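Both ligands and their constituent atoms are indexed starting at 1 by order of listing. Because the structure is a prediction, the values reported are computed rather than measured.
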Amino acid sequence: MPLNSGPIILGLESSCDETAAALVTGDRRILAHKLAGQEAAHAPYGGVVPEIAARAHVETLMPLVEAALAEAKLALDDVDAIAATAGPGLIGGVMVGLVTAKALALAARKPLIAVNHLEGHALSPRLADPDLAFPYLLLLVSGGHCQLLLVEGVGAYRRLATTIDDAAGEAFDKTAKLLGLGYPGGPAVERAAAGDPAAVPLPRPLVGSPEPHFSFAGLKSAVARAVAAGGHGASDIAASFQQAVVDCLVDRTRRAIGKAAGATALVVAGGVAANGAIRSALGALAEQSGLRFVAPPLWLCTDNGAMIAWAGAERFAAGLVDPLDVPARARWPLDPAADVVRGAGVKA
Ligand code: KG4
Ligand code: ZN
């Protein structure tokens with residue numbers, strides 16, 4: 001390993017239904033990344049069961065850490081800092097990852113870095129793209145979150161918009177469930193969406209409203225009504241639903257671009273960013289708006305350990321490390337100064 005390769009960061013992720021460990025260097029080399037999904041364990045329930053998730057993290061996390069170190073041919077002693085997701089997320093899983101990181105940090109006498117899961121998503125595009133400079137406008141769309149953030153620097157995030165009810169990924173998962181497509185729903189809906197996107201009239205909640213917030217609850221119920229009414233095939237419903245989400249995301253993001261002075265790029269991250277129709281519509285919007293469009297590779301869009309290790313590397317470079325009593329948080333807004341949005345549900 002060259003001497004000037006930058007610090008080596010171990011990153012742990014366990015906030016939802018993905019257990020992951022990765023080793024990433026400060027100069028953007030991914031030395032190893034290991035991931036274990038829990039789809040099979042949650043599939044019978046049609047969604048993530050927190051207790052089952054936490055138990056699976058307990059069983060899987062340390063073997064993944066060991067496998068990552070083995071693949072990178074490193075010992076824990078070679079690592080410069082240990083980063084873990086400290087929230088927001090399902091608290092049982094967050095505690096498993098954070099306490100594991102604390103134990104490793106204590107045993108190996110390494111600094112601990114508590115990473116906000118959303119910060120992992122927000123900064124991960126810079127792992128894949130060394131030219132992506134601050135500030136940039138980030139559309140973060142996942143199963144738990146739907147936000148537009150102006151990423152001004154490490155630890156400096158201005159929330160321009162959030163969802164007032166459900167996240168976009170939740171709407172995909174619910175639609176998949178209604179159509180009997182199974183779990184996880186997003187990829188299944190995308191595969192099924194070969195029909196006519198204009199076949200089923202569906203609402204575009206909040207489209208045209210001045211603040212760039214999101215809402216998907218009404219769309220979700222409209223899909224439920226369309227399914228119950230019968231008369232439309234699953235591929236038409238899936239295509240119409242996906243088109244409605246695309247229209248909402250594009251309109252809201254266009255509105256946010258008007259509020260994101262100085263941004264050089266439009267960046268999309270989070271699990272829903274894996275969707276091809278959403279990626280291409282946002283790419284076209286960026287082009288019309290004179291912004292560079294950055295979408296990380298698919299594996300980096302969904303939850304993974306490398307994004308936590310990389311956020312750890314960015315924080316480590318900025319001198320941001322945490323004490324061993326740092327708390328695990330179920331909720332942890334990236335921008336604590338952001339207004340609470342009227343109608344907002346339980347989302348962080
Ligand atoms: O970021 P992520 O892995 O986990 C968190 O929610 O933090 O995102 C998972 C979400 C799920 O709701 C899943 O259905 C959705 O991302 N998703 C997709 C696609 N792949 C994953 N949604 C639409 N199209 C996809 N191809
Ligand atoms: Zn996520």
Can you establish whether the number of heavy atoms outside Arg28 located under 6.0 Å from its atom CZ is more than 12? yes
Listed once per pair and sorted, the side-chain hydrogen bond (donor to acceptor under 3.5 Å, both in side chains) pairs that draw on residues 67-77, sequence neighbours left out: Lys34-Glu71
Has Cys16 got any heavy atom lying under 4.0 angstrom from an atom of ligand 1? no
Sub-4.0 Å heavy-atom contact, His121 with ligand 1: yes
Would you mind finding which of [options] brings a heavy atom closest to [atom]?
atom                    : options                        : answer
atom 1 (O) of ligand 1  : Gly276, Gly271, Ala273         : Gly271
atom 18 (C) of ligand 1 : Ala193, Cys146, Gly186, Ala188 : Gly186
atom 24 (N) of ligand 1 : Ile278, Asn275, Asp17          : Asn275

Test of proximity, [X] against ligand 1: N or O pairs below 3.5 Å:
X      : answer
Phe172 : no
Asp303 : yes
Asp173 : yes

State plainly whether one hydrophobic cluster holds both Leu202 and Val245, where clusters connect Ile, Leu, Val, Met, Phe, Trp and Tyr through side-chain heavy atoms under 4.5 angstrom apart. yes
Quick check: is Val268 connected to Tyr136 through a chain of hydrophobic side chains (ILVMFWY, heavy atoms under 4.5 Å apart)? no
Could you tell me whether Asp247 and Arg204 have a side-chain N and a carboxylate O separated by less than 4.0 Å? yes
I'd like to know if Asp129 and Arg292 make a salt bridge, using a cut-off of under 4.0 Å between side-chain N and carboxylate O. yes
I'd like to check which ligand 1 atoms, numbered from 1 as shown, lie under 4.0 Å from a non-hydrogen atom of [X].
X      : value
Gly144 : 6 (O)
His117 : 7 (O)
Gly169 : 12 (O)
Gly143 : 5 (C), 6 (O), 8 (O), 9 (C), 10 (C), 12 (O)

For residues 218-238, run the donor-acceptor check on the side chains, cut-off 3.5 Å, and write out each pair with its distance to 0.1 Å, sequence neighbours left out.
| residue | atom | partner | partner atom | Å |
| --- | --- | --- | --- | --- |
| Lys220 | NZ | Asp166 | OD2 | 2.6 |
| Ser221 | OG | Ala217 | O | 2.8 |
| Asp236 | OD1 | Asp196 | N | 2.7 |

Could you grab the protein N, O or S atoms closer than 2.8 Å to the Zn ion (ligand 2) for me? His117 NE2, His121 NE2, Asp303 OD1
Please work out which of the three classes, parallel, tilted or perpendicular, describes the rings of His117 and His121, given edges at 30° and 60°. perpendicular
Any side-chain donor paired with an acceptor under 3.5 Å for Arg255 and Ser209? no
Donor on one side chain, acceptor on other, Glu152 and Tyr157, under 3.5 Å: no
Go through Val58 and Arg55 one step at a time and tell me if the side-chain contact (heavy atoms from CB on, under 4.5 Å) criterion holds. CA-CA 5 Å; Val58 170; Arg55 288 170 188 271; 5.6 Å; no
Listed once per pair and sorted, the ring pair (Phe, Tyr, Trp, His ring centres under 6.0 Å) pairs that draw on residues 268-303, sequence neighbours left out: His33-Trp299
Closest approach of any protein heavy atom to atom 26 (N) of ligand 1, naming residue and atom: Glu190 OE1, 2.7 Å
